[in-house]
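Notes for the one structure printed next.
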Amino acid sequence: QGQLVESGGGLVLPGGSLRLSCTASGRPFSIYAMGWFRQAPGKEREIVTGIDGDGKTIYYAASVKGRFTTSRDDAKNTVYLQMNSLRPEDTAVYYCAQRNSRLYSTLSQDWNYWGQGTQVTVSS
């Protein structure tokens, strides 16, 4: 079945940076879209970024555009989320996702596999 394992979350001051990693195992990686979602308490899960299987087409939510960057290293079966200029409203559990398609989707129900999530807290 395989799994997705996230790492890199934690507590950071406003304006700070964090880098999340998600490593996939047990299934093909390089041909499939990867994404990052987040869910804050009392809110629905929302997409943060999506990257196509070829790594050439990337989507960013408006709320993170210009601050967050995603990339993938197919040799390591890993996707990254570099988060800069973090704000308190970025506080959430961040989930890595993989879709059985080359193309990303902005809808969480279109993604097939999920990691366990990693907490990101932005607070002074």
Side-chain angles (χ1 to χ4, degrees):
Q1 181 72 7
Q3 61 179 347
L4 301 173
V5 179
E6 302 103 334
S7 61
L11 173 65
V12 64
L13 294 171
S17 298
L18 282 175
R19 188 196 197 201
L20 306 184
S21 300
C22 170
T23 299
S25 62
R27 71 173 68 92
F29 178 84
S30 63
I31 59 175
Y32 293 129
M34 299 296 297
W36 289 95
F37 288 75
R38 67 186 181 185
Q39 188 166 18
K43 295 188 177 181
E44 293 189 356
R45 190 171 298 189
E46 62 177 2
I47 189 167
V48 177
T49 75
I51 182 169
D52 278 354
D54 61 7
K56 296 180 179 179
T57 303
I58 302 175
Y59 168 88
Y60 292 100
S63 59
V64 306
K65 194 173 293 184
R67 300 187 297 122
F68 291 10
T69 303
T70 192
S71 60
R72 61 189 299 159
D73 185 341
D74 290 344
K76 297 181 178 180
N77 284 4
T78 299
V79 62
Y80 303 98
L81 182 64
Q82 177 66 43
M83 304 185 294
N84 299 328
S85 302
L86 282 161
R87 304 167 180 169
E89 53 264 39
D90 295 317
T91 296
V93 177
Y94 283 71
Y95 297 91
C96 172
Q98 185 182 50
R99 190 176 184 220
N100 283 342
S101 170
R102 183 177 59 83
L103 305 177
Y104 72 81
S105 170
T106 60
L107 303 177
S108 60
Q109 58 262 39
D110 289 341
W111 295 77
N112 303 99
Y113 303 101
W114 295 86
Q116 81 286 354
T118 185
Q119 177 70 45
V120 172
T121 302
V122 185
S123 176
S124 56

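These figures come from a predicted structure and were not determined experimentally.
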* State plainly whether one hydrophobic cluster holds both V120 and M34, where clusters connect Ile, Leu, Val, Met, Phe, Trp and Tyr through side-chain heavy atoms under 4.5 angstrom apart. => yes
* **Distance, nearest 0.5 Å, that separates CE of M83 from CG of L18** => 4.5 Å
* To do: Any chance you could measure T57, atom OG1, to L103, atom CG, to the nearest 0.5 Å?
  => 8.0 Å
* To do: Could you tell me which residues satisfy side-chain hydrogen bond (donor to acceptor under 3.5 Å, both in side chains) with S71, sequence neighbours excluded, listed by chain and number?
  => none
* Asked: Which atoms form the tightest heavy-atom contact between S124 and P14, and what is the distance?
  -> N-CD, 3.7 Å
* Residue pair S25, N77: steps toward the side-chain contact (heavy atoms from CB on, under 4.5 Å) verdict -> CA-CA 7 Å; S25 62; N77 284 4; over 6 Å; no
* To do: Can you sort out the partners of T121 under side-chain hydrogen bond (donor to acceptor under 3.5 Å, both in side chains), two or more places apart, ordered by chain and number?
  => Q119
* Asked: Where is the tightest heavy-atom contact between V122 and T91, given as atom of each residue plus distance?
  -> N-OG1, 2.9 Å
* Output the distance between atom CZ (F29) and atom CD (Q98), rounded to the nearest 0.5 Å. => 7.0 Å
* side-chain contact (heavy atoms from CB on, under 4.5 Å) partners of T118, counting only residues at least two apart -> E6, L20, Y94
* So which pairs with a foot in residues 45-88 pass disulfide bond (SG atoms under 2.5 Å apart), sequence neighbours left out? -> none
* Hey, what do you get for CZ (R102) to CG (D52), rounding to the nearest 0.5 Å? -> 6.0 Å
* Structure fact -> Going by chain and number, the hydrophobic cluster around Y80 (ILVMFWY, side chain to side chain under 4.5 Å) further includes none
* Asked: From L81 CG over to T69 OG1, what is the distance, rounded to the nearest 0.5 angstrom?
  -> 8.0 Å
* Asked: Just by modelled atom types, is the S105 backbone N or O under 3.5 Å from a matching donor or acceptor in the D110 side chain?
  -> no
* Check salt bridge (charged side-chain N to carboxylate O under 4.0 Å, His left out) between R72 and all other residues, then give those that pass, not counting sequence neighbours. => D74
* Consider only side-chain heavy atoms of I, L, V, M, F, W and Y, link residues closer than 4.5 Å, and tell whether V5 and Y113 are in one cluster. => no
* Asked: Between Q82 (side chain) and S17 (backbone), is there a donor-acceptor pair under 3.5 Å?
  -> no
* **Under the side-chain hydrogen bond (donor to acceptor under 3.5 Å, both in side chains) test, residues paired with R99 that sit two or more places apart** => none
* Structure fact -> Closest heavy-atom pair, C22 versus L4, reported as atoms and distance to 0.1 Å, is SG-CB, 3.9 Å
* **Pairs touching residues 23-92 that satisfy disulfide bond (SG atoms under 2.5 Å apart), sequence neighbours left out** => none
* **Apart from V93 itself, residues in the same hydrophobic cluster as defined by side-chain heavy atoms under 4.5 Å** => F37, I47, Y59, Y95, Y104, W111, W114
* **N/O donor-acceptor pair under 3.5 Å between Y60 side chain and T70 backbone** => yes
* Structure fact -> Between the CD1 atom in I51 and the CH2 atom in W36, the distance rounded to the nearest 0.5 Å is 12.0 Å
* D90: partners by side-chain hydrogen bond (donor to acceptor under 3.5 Å, both in side chains), with sequence neighbours left out -> R38, R67
* Atom CD of E44 with >12 non-hydrogen neighbours under 6.0 angstrom -> no
* To do: Give every residue pair that meets the disulfide bond (SG atoms under 2.5 Å apart) criterion with at least one member in residues 42-92, sequence neighbours excluded.
  => none
